[in-house]
Protein chains: 2
Amino acid sequence: MERQSKTLVDTVFQGIFDLLIAGEIPLGGVVNEALLAERFKVSRGPVREAVKALQGRGLITKEPYLKARVVDLSVADMVQIFQLRESVEGMAVRLATRAMPDEALDQLLAEFADADRKQKRPALDVHVRIAEGCGNGRIQSLLCDELYYLLRLYRARSGDTPGRRDDAFAEHWQILRAMKARDADLAESLMRSHIARATESLQELLDSEGGAEASPASGQKSA
Amino acid sequence: MERQSKTLVDTVFQGIFDLLIAGEIPLGGVVNEALLAERFKVSRGPVREAVKALQGRGLITKEPYLKARVVDLSVADMVQIFQLRESVEGMAVRLATRAMPDEALDQLLAEFADADRKQKRPALDVHVRIAEGCGNGRIQSLLCDELYYLLRLYRARSGDTPGRRDDAFAEHWQILRAMKARDADLAESLMRSHIARATESLQELLDSEGGAEASPASGQKSA
DNA sequence: GGGCAAAAAAGTGTCAACACTATTGTGGGG
DNA sequence: CCCCACAATAGTGTTGACACTTTTTTGCCC
């Protein structure tokens, strides 16, 4: 009974997303409106709109009278997402290198060094912080509100690419140093290489998988 | 009366979008569900979902119990969109340079040369064709289904930046030549410069405008 | 016994009415 | 005369019922 100034649609939206992250609905699984309505103790209306919003965000695919399905993130889809991230995060770090004030950068470096000591990897967080600091709301929204949802969804299932933890850590460190030196070109180049390397890991995984799984499931039409 | 296998929501979605393009709803104007429902001869339900989808696509902003408003695309917003396009279209042309078959490239070049003779500028179309040819559905969807909608919306009002027609034409030509030569690095570099130049025009416009208009309106939360 | 057609079931799309919230207009007090 | 509280209004949020489409099941014919 706490403040529910947020509309039910938003609550349900978050709820369904949590279900996806938790894996309660399998990756290619169907999304039944009535069951969700029952589960969240609301009518089907808010559920429909929430599903529509999820669809607009690319997490759920759906065509007119067919059941809605959770997007099944194939490795091929992930490669495409990483290609997109390579370009966008490159631009993000370029902009952030110019836009972020010294204090914010210093704090980020300090936190990162701290996490290093504790062996806790901040991982995604560095990317998020850079996206937040780039000063471009559109880019930030794309990275933080859309692509990272898909990333989380993928990682919650497949587990991220192994053997890249330590490499990624070193690469993050390099990027932060370039930002501190206000070298936007270098920072962008490093970020792109950083993500490109992860993409290559995925690509190898895709090639090794062979043509076993062929799931297009990319790009949805709604108009 | 014709085949309306498409759901009403999709029809209304397209209808509202057309209204925005046509300028029947001014850029910061309110979007009244009941009026739209009346206009399209449907109930408010489909309108609500369509508006929600538009919101998910960033064309309409809305918070819980407040009126929905058409996003008012300030020049500052456009600069942000162009920065995003610079990175993504750069990647798109890089991928397309590798992915597009010779025949498709030749045809594109031929069409372009033809348009040159007729003085009809294909303009946006070149970007669309490259996006379609990049082989990455996610990037194609972002460029063609999201950003170009906003571009069209902006150009339908403000008219695009003057004095760049001829320059843009020459730059498109250069890009196509680089693609034909299968020089992905050059093609990406040219595309980025191409868009960056347009961004600079916008930036100058923004600076000359001064702080007259301050409309943030970028980035919407829905969860 | 296998395959096709019709009917039943399940699920999505649409609608109209009701509940809630924010805004606007109005009246009284300072 | 200005400002604040209160009622009236407009508009959004939610709901349950009904219509349409797809899928599955069942029964019939070959």
Side-chain angles (χ1 to χ4, degrees), chain A residues 1-17 19-20 24-26 28-57 59-71 217 220-223, chain B residues 1-17 19-20 24-26 28-57 59-71 217 220-223:
Chain A
M1 247 26 91
E2 70 277 31
R3 292 259 291 96
Q4 58 176 44
S5 76
K6 296 196 307 180
T7 180
L8 274 187
V9 178
D10 293 327
T11 310
V12 174
F13 178 95
Q14 187 64 40
I16 297 179
F17 178 68
L19 284 180
L20 298 186
E24 297 207 26
I25 304 179
V30 298
V31 177
N32 188 322
E33 293 176 2
L35 264 60
L36 288 172
E38 163 76 12
R39 181 179 179 107
F40 291 110
K41 299 282 191 296
V42 297
S43 172
R44 269 184 46 218
V47 174
R48 278 184 61 78
E49 289 184 38
V51 169
K52 202 87 187 171
L54 265 315
Q55 181 190 3
R57 212 160 250 182
L59 286 139
I60 285 179
T61 59
K62 185 166 160 186
E63 23 201 332
Y65 278 86
L66 262 43
K67 311 179 205 285
R69 288 181 171 279
V70 182
V71 63
Q220 76 286 0
K221 58 176 181 299
S222 87
Chain B
M1 240 22 139
E2 72 272 35
R3 291 257 292 98
Q4 61 177 42
S5 75
K6 299 195 306 180
T7 180
L8 273 186
V9 178
D10 293 327
T11 309
V12 173
F13 179 95
Q14 187 64 41
I16 296 178
F17 177 68
L19 284 181
L20 298 187
E24 298 208 25
I25 304 179
V30 297
V31 177
N32 188 322
E33 293 177 1
L35 263 61
L36 289 172
E38 163 77 13
R39 181 178 181 107
F40 291 110
K41 299 284 191 295
V42 296
S43 172
R44 269 184 47 217
V47 174
R48 277 184 61 78
E49 290 184 37
V51 168
K52 201 87 186 171
L54 265 315
Q55 182 190 2
R57 209 160 253 180
L59 286 138
I60 285 180
T61 60
K62 186 166 158 183
E63 24 201 331
Y65 278 87
L66 262 41
K67 311 179 207 283
R69 288 182 171 278
V70 182
V71 62
Q220 76 285 4
K221 59 176 181 298
S222 88

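Reminder, nothing fancy here: chain letters follow the sequence lines and each chain counts from 1.
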When A:Leu8, A:Val9, A:Val12 are each screened for side-chain contact (heavy atoms from CB on, under 4.5 Å) with A:Val47, the one that passes is A:Val12

Which of A:Asn32, A:Val30, A:Val31 passes side-chain contact (heavy atoms from CB on, under 4.5 Å) with A:Lys67? It is A:Val30

Exercise. Under 3.5 Å, is there a donor-acceptor pair between the side chain of B:Arg69 and the main chain of B:Thr61?
Worked result: no

Value for CZ (A:Arg48) from NZ (A:Lys62), rounded to nearest 0.5 Å, stands at 5.0 Å

In numerical order, the residues of residues 31-47 of chain B whose heavy atoms come under 4.0 Å of DNA chain D are B:Val31, B:Asn32, B:Glu33, B:Arg44

Comparing nearest nucleotides in DNA chain D, the 5'-proximal residue of the pair A:Glu49, A:Lys67 is A:Glu49

Distance col, row B:Leu59:CG vs B:Ile16:CD1, nearest 0.5 angstrom, shows 10.5 Å

Tell me which donor-acceptor pairs under 3.5 Å the side chains of residues 34-46 of chain A have, and how far apart each pair is, sequence neighbours excluded?
unit_1	atom_1	unit_2	atom_2	d
A:Arg39	NH2	A:Glu24	OE1	3.4
A:Arg44	NE	A:Glu33	OE1	3.2
A:Arg44	NH2	A:Glu33	OE1	3.2

The first and last nucleotides of DNA chain D lying within contact of chain A, meaning any atom under 4.0 Å from one of its heavy atoms, run from D:dG13 to D:dT22

Note: chain B reaches DNA chain C at heavy-atom distances under 4.0 Å over the stretch, first to last nt, 5' to 3', of C:dG13 to C:dT23

Rounded to the nearest 0.5 Å, the CD atom of A:Gln55 sits from the CD atom of B:Glu49 at a distance of 9.5 Å

CZ of A:Arg57 to CZ of A:Phe17, rounded to nearest 0.5 Å, is 9.0 Å

Each base of DNA chain C marked ( ) or [ ] if paired in-strand (Watson-Crick or G-U under 3.5 Å), | if paired to another strand and . if unpaired gives ||||||||||||||||||||||||||||||

